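Sequence positions, counted from 1, serve as the residue numbers for this chain. This one's a predicted model, so the numbers in the text were calculated from it and none came from an experiment.
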Amino acid sequence: MANSSYDLDDILNEVKKRREENEAKIKGSLQPPEKETEESPSDEPEEYSETPAEQAENAQESEALQENAPEEAENSFFRQTEQTEEESPAQEATLSDSAVQDKPENTDQTQTEEEEHSVDLLALSEQSSAGQSASYAAHGKKSSQKWHKTKTGKICIFVIVFLCAAIIAAGIYGYFFINNALDRVTDNDTHREANLEQWTGMDVLKESFDPIYEDGRANISSYRDMVKKWYYNGTPASSTHVLNVLLIGEDTRDEEIEETGYRADSAIVASVNVDTGEIILTSILRDCYAYWETTEGDESTGQFGKINGAMSTGGLNCYIDCVEHMFKINIDNYVLVNFDSFESIVDTLGGVTVNLTRAEIREINNHQKTYNHVTIEGEPGELELDGRQALAYCRIRHIDGDDVRADRQKTVLLQLFKKMKSASTIKTTEVATDLLPYVKTGFSKSEILSIGKYAMSHGWLDYETVTYTAPTNETKPDGTVVTTCKGGTNYGAWVWKVDYPLCSQIVQNKIYGKTNIELAEKRPKFLELSNY
């Protein structure tokens, strides 16, 4: 007999069924089943009449079955699920000739008998556990039926298959969601700029740090002369181990992202350095006095002004060129964000906690028109702000300078970074859904997916976040002040006059960990230079 055994309740039920059939045959009340014999293996079964001799044999078979019920029923039940079986000697001695004749001799006969004696698994599963315990005690061992053929096994398999189908469906939906979302933020026919190269990964190191020599004071006639010469001096540094993305906050409330005609209200260079494991956020002060060409390569189109004016006069590509040439860092790509998205992101993440001063609260509450009719209630200190309040906080501009305003923006941005790191997948998806309608980028879809995969596999979320403002005046541990800028009214407006060679050297060291800028031995004193 085969090694497999079955639930004894199932076997006993089968025995009971066979006994009832045999008793019915003896009484002549039950017609014999249609079946093929060895002499007539044709497809159409022949009808026959039961003789007294056959009745006697059936009676003998019934008695034998009652005596050997468990073993015979097990064999009969096993024949329903297996096409071949080894009969034990004891069973061969017990079975009558007619019982032996019922044994299938070919595949067709086996299928016929399986249909005649099929078992309802749902009905079998409803037998009492008490009967099972008695059967186990009688036979001294537990059923070892194959798990995947039991009711429980089949249900489990169904659940697994269903979950797999659901995961596949979710993956397909996720693909279309991501694909459609990226279609909205990427439009490479119009948004990929001429000076942006395809992202090729960060594993292989390729650098460009050709030396840049500052002009000495003897070669500089005025501050504007210094700024213009610095724009054309040398090539911005680059490294494949550093990814620089210019994050631009657009100064507009329109729903559509515009690349021309608007000033960049805020700009942050987000730099990912895989060598140091840092993400450096460098705020570029929008009031820096700078130079740019509205048409790249055409010096006759050059002009001066606040650095964010490069976008309004020359477009996005002009603005990127200006940031690159003034600070000598390569910008790999950009992300242009409408301010409406900022409010939505803050609200989706549940707000931000900010330490507000009395002057900041008063500034927002006393200038309702300037800050979109936002009111902040509470005493100075840590306050929970919603999206509209956080945006008003970031836009405060009358009580201090542009550098403090940039610090407020970075304060809120860091809070959002922290919340995103601990956010669930669902919450992250909500943020992405809210953000995407207000974003444009020069990255292609394939680049975004490649960078995202690379970021996850290399643990960018665990990188330390470092903030810096360019330009800024720093005080060294020994008390020495490093002056890179001075704010004031010049050229008919309030601007930052910047010591670009020194400031660029500091920015490069912050982002790349090294610099290619060599300062002149006799440096121009930018604060003493005339404006013209």
Original post:
With no hydrogens and no angle check, do the side chains of E363 and Y371 hold a donor and an acceptor under 3.5 Å apart?
Top reply: yes
**OP:** Please name all residues satisfying salt bridge (charged side-chain N to carboxylate O under 4.0 Å, His left out) with D347, sequence neighbours left out, ordered by chain then number.
**Re:** none
Subject >> K419, NZ atom: more than 12 neighbouring heavy atoms under 6.0 Å >> reply: yes
**OP:** Without swapping roles, check the side chain of E528 against the backbone of K525 for a donor-acceptor pair under 3.5 Å.
**Re:** no
Original post:
So, Y319 versus Y334, ring centres under 6.0 angstrom or not?
Top reply: no
**OP:** Determine whether I329 and P236 make a side-chain contact, defined as any pair of heavy atoms from C-beta on separated by less than 4.5 Å.
**Re:** no
**OP:** With K497 as the cation and Y223 as the aromatic partner, state whether NZ or CZ is under 6.0 Å from the six-membered ring centre and within 45° of the axis.
**Re:** yes
Subject >> pair D321-Y231: side-chain heavy atoms closer than 4.5 Å >> reply: yes
Original post:
Between E382, E384, Q415, which is the residue that forms a side chain to side chain donor-acceptor pair (under 3.5 Å) with T353?
Top reply: E384
**OP:** Decide salt bridge (Lys or Arg N to Asp or Glu O under 4.0 Å) for E278 and K510; before the verdict, give the C-alpha distance in whole Å, the side-chain angles of both, and the deciding distance to 0.1 Å.
**Re:** CA-CA 10 Å; E278 292 179 332; K510 294 283 185 181; over 6 Å; no
Subject >> Contact check, side chains of L316 and K440, non-hydrogen atoms, under 4.5 Å >> reply: no
Subject >> Side chain Y512, main chain A237, donor-acceptor under 3.5 Å >> reply: yes
Original post:
Within a strict 4.5 Å, meaning less than it, do heavy atoms of the V245 and V335 side chains meet?
Top reply: yes
**OP:** State whether the side chain of K328 and the backbone N or O of N233 hold a donor-acceptor pair below 3.5 Å, judged by distance alone.
**Re:** yes
Original post:
Would you call R408-D400 a salt bridge at under 4.0 Å N-O?
Top reply: yes
Original post:
Just checking, is any N or O donor in the side chain of Q505 or T515 under 3.5 Å from an acceptor N or O on the other one?
Top reply: no
Subject >> No-hydrogen, no-angle side-chain donor-acceptor test under 3.5 Å, Y532 and D225 >> reply: no
Original post:
Run the salt bridge (Lys or Arg N to Asp or Glu O under 4.0 Å) check on D215 and K229 step by step: do they pass?
Top reply: CA-CA 8 Å; D215 288 315; K229 286 183 175 179; 5.3 Å; no
Original post:
Could you state the interatomic distance from SG (C485) to CG (D287), rounded to the nearest 0.5 Å?
Top reply: 11.5 Å
**OP:** Indicate yes or no for a side-chain donor-acceptor contact from N244 to the backbone of N330 under 3.5 Å, with no hydrogens or angles considered.
**Re:** yes
Original post:
Is there a donor in the side chain of Y232 and an acceptor in the side chain of Y291, or the other way round, less than 3.5 Å apart?
Top reply: yes
Original post:
Under 3.5 Å, side chain of E447 to main-chain N/O of W199, donor-acceptor pair present?
Top reply: yes
Original post:
So, R224 versus Y289: side-chain donor-acceptor pair below 3.5 Å or not?
Top reply: yes
Original post:
Side chains of L391 and V412: does their closest heavy-atom pair fall under 4.5 Å?
Top reply: no
**OP:** Measure from NZ or CZ of K228 to the centre of the six-membered ring of F304, then state whether that distance is under 6.0 Å and the direction lies within 45° of the axis.
**Re:** no
**OP:** Determine yes or no for a side-chain-to-main-chain donor-acceptor pair under 3.5 angstrom, with T294 supplying the side chain and T313 the backbone.
**Re:** no
**OP:** Measure the shortest side-chain to side-chain distance between V466 and L281 over non-hydrogen atoms and say whether it is less than 4.5 angstrom.
**Re:** no
Original post:
So, does T480 use its side chain to make a donor-acceptor pair with the main chain of K476 at under 3.5 Å?
Top reply: no
Subject >> Option from I511, I506, I284 for which side chain to side chain contact (heavy atoms under 4.5 Å, CB included) with F327 holds >> reply: I284
Original post:
Is T484 reaching over with its side chain to a backbone N or O of T472, donor-acceptor style, under 3.5 angstrom?
Top reply: yes
Original post:
Is the side chain of K486 donor-acceptor paired with the backbone N or O of F526 at a distance under 3.5 Å, no angle test?
Top reply: no
Original post:
Atom CZ in R405, atom CG in L285: separation rounded to 0.5 Å?
Top reply: 10.5 Å
Subject >> Ring geometry between Y463 and W460 (parallel below 30°, tilted from 30 to 60°, perpendicular above 60°) >> reply: tilted
**OP:** Verify, without hydrogens or angle tests, whether R358 (side chain) and P380 (backbone) share a donor-acceptor contact under 3.5 angstrom.
**Re:** no
